[in-house]
Amino acid sequence: MVSTSTLVAVSIDALAFGFVLALLGTTVTLVFGLGELLNLAIGMFAVIAVILTTVMVDHGVGLVGASVASLVGVAAFGFVVDRTLLSLVYRSEGEERILVGIFTTLGLIVFLKGALGNFFPSSYTLPIDVGNIAIGDTVLIGNSVLIIVLSTLTLGVLLILLQVTYFGKATRTLFQDEVGARLVGIEPRRVRTLIFVLSVVVAGLAGLLFAATSSVSLSSGFELTVLALIVSIVGGVRSIRGTITAGVLLGFVNQYANFFIGSYVATIILYITAIAVLHVREEVTSI
Amino acid sequence: MKSEIHPELRKVGFITALLTFAPLPFLGNTYYQGLLQHVLIIALFAVALNIAFGHTDQLFLFTGGLAGIGAYATALLADSLGITAWATLPIAGLLTGLVGLVTSWIAAKRQFTVILIAIFTLTFQLLFTETFSGARDITGGSTGFPYEYFSLDVISDFTRISEDVLLYYILLVALVATLLIYLVLVYSKSGLAFDAIREDETAAESIGINVVRNKVIAGFVAAAIIGVGGAFYARSASYITPPLFSFVTVDVVVLVVLIVGGLRTTLGPIVGSILIVGVEQLLAGAPNWRGALFGALLIFLFLYFRNGVVVALQERMAQLREFFPEQEYNIGGG
């Protein structure tokens, strides 16, 4: 019989993993919702943030400073990708753009994995250890609590940004109606660039949080992309709130299955859940 | 059946003749014979994907997974039933066909868009590869096992032709058969229905076309071909492990081949396969940068060459005809 305190601890870990998934899924939702671009390279931005941070920490930079600097670096790289590669993708329209976007970002992730593999062949874990937090009989893993706090803050800021600011309103207008947005003076390309840069920064942060509890290698880039896609699609692909809910749901499914059955079956159950939700969800068919 | 099938059949005949003689300069060289087998297997997968994706907009991103099911099912059934893999191959094909059928049925019934089908099938791909790795007692897990099925030694002894060359010709027969199935489908009533569905599903339904049935047919045929091809793919590799069927190893390559060769063209998958396998060999000289160069090439090809080589050649021939109207050019295209 599993004790209540153990169930609470597992739930906290599940929530932490779910929030990381939510962050990843949000990056896909934002970019796809705005420009119908499915960014298959998004997971690699998360991995690049982890690698940059690890390299800086190894060279004596503090973890917080290195994390911030790596996110700035990822933002700069995202900006370059957007202004070069994605500008070519945005020349296409409609379904053609979707396909060109899929194949171009697929090429980008294959390119980055191949190129970076020459310099960073190892696995990386960030040296974060908050220690355990004891509340009564329940012992929580400190890193999980830290992940929940940081990702809640990030998602909160993101939602406020989208709800309150002019930039957020412009983004939501573009989500709804591109022609209408143009008519009221919104420049879609500029908003798309900002959102793309924002998305890779969020992916970078998700990567850093993920690396607090798991090792990350260049091969993880593709796995994180797939997780991001699954969460976004299960959440409805155009809904940030839906994406966050889907992330938390899949996080719970994965961690509980992991605890009660085992990691291999947990992954299988995660994918089966995603397939089942995709099958029964009504809204996702309206992509 | 539409009359345009005859020029397409001639093209298939032309490429078959060409491929029949392809191994002759490399007799005795097992490396190049393996390479030629690889060209045919990738082309076979690409023809199948052309049916599902090219003609009915079902972007199957589980070619690797289906190929894996075909390969594992053929071997495991042969072992457990104690019969030859030649007998279990059709069962494996039927099994993968049913996976494609169910997937297409769900996607068509739920009116999935191309993106949703892509993610749906990609999730299946990960599910399959995870199962290949995790079900160690059945599949051997990441250790794998030697894939010594489809014994050809009796025929090899009798004909004095090496097993590698025999396997090449078996693959060629399978590829030609697949191309004929493709042509029969595309130039029949189903093909007309495919065209109508691709243009506008609602309009197609309004004129009495059964969208679900036609998509399911395309899904079943494509998946069954991939399953059968998967068994030969493992036989050609001679050892079976889960990474052999990963998304990056199979799906990315097959997609590139199909797009470079030309979607909805008869010979595009073969032309694309020859080009991409050739490019992979050129890049083999820089093994550490192979992945990066392949990725860069992928981006370049999709951005600037996405209508395919076959279509580009056809356009060039049309231009030449305008300049030299009295001469005839008849280079095989799609």
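Each chain gets a letter, A, B and so on, in the order its sequence line appears, and its residues count up from 1.
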Below 30° counts as parallel, above 60° as perpendicular, anything between as tilted: where do the rings of Phe119(A) and Trp289(B) land?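 Rings of Phe119(A) and Trp289(B): perpendicular, over 60°.
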
Phe111(A) versus Ala292(B), closest heavy-atom pair with distance: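 Between these two residues, the closest heavy atoms are CD1-O, 3.0 Å.
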
Which atom pair, heavy atoms only, marks the closest approach of Ile259(B) to Phe103(A)?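 In terms of heavy atoms, the two residues are closest at CD1-CE1, 3.9 Å.
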
Is it the backbone or the side chain of [X] that comes under 4.5 Å from a heavy atom of chain B, or both, or neither?
X: Thr105(A); answer: neither
X: Ile98(A); answer: side chain
X: Glu223(A); answer: neither
X: Leu99(A); answer: side chain
X: Leu108(A); answer: both

Around atom [atom1] of [X], are there more than 12 heavy atoms of other residues, nucleotides or ligands at under 6.0 Å?
X: Arg241(A); atom1: CZ; result: no
X: Tyr264(A); atom1: OH; result: yes
X: Arg189(A); atom1: CZ; result: yes

Nearest-0.5 Å distance that lies between atom CD1 in Ile102(A) and atom CD1 in Ile119(B): 7.0 Å

Inter-residue atom distance Ile230(A).CD1 - Leu122(B).CG, 0.5 Å rounding: 7.0 Å

Which one of Leu106(A), Val89(A), Ile268(A) has the most heavy-atom pairs closer than 4.5 Å to chain B?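 Result: the option with the highest number of such pairs is Ile268(A).
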
I'd like to verify something: which residue of Leu85(A), Asn118(A), Leu112(A), Ile109(A) has the highest number of heavy-atom pairs under 4.5 Å with chain B?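 It is Asn118(A).
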
Under 4.5 Å heavy-atom distance to chain A, tell me which part of [X] shows up: side chain, backbone, both or neither.
X: Leu126(B); value: both
X: Ala135(B); value: both
X: Leu303(B); value: side chain
X: Tyr304(B); value: side chain
X: Phe124(B); value: both

Residue among Asn288(B), Val256(B), Leu297(B) with most heavy-atom pairs under 4.5 Å to chain A: Asn288(B)

Ile115(B) vs Phe32(A) side-chain heavy atoms within contact, under 4.5 Å: yes

Side chains of Leu88(A) and Ile299(B): closer than 4.5 Å at any heavy-atom pair? no

Which residues, numbered in order, of residues 54-64 of chain B come under 4.5 angstrom of chain A by heavy-atom distance?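 If one takes a 4.5 Å heavy-atom cut-off, the residues of residues 54-64 of chain B near chain A are Asp57(B), Leu59(B).
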
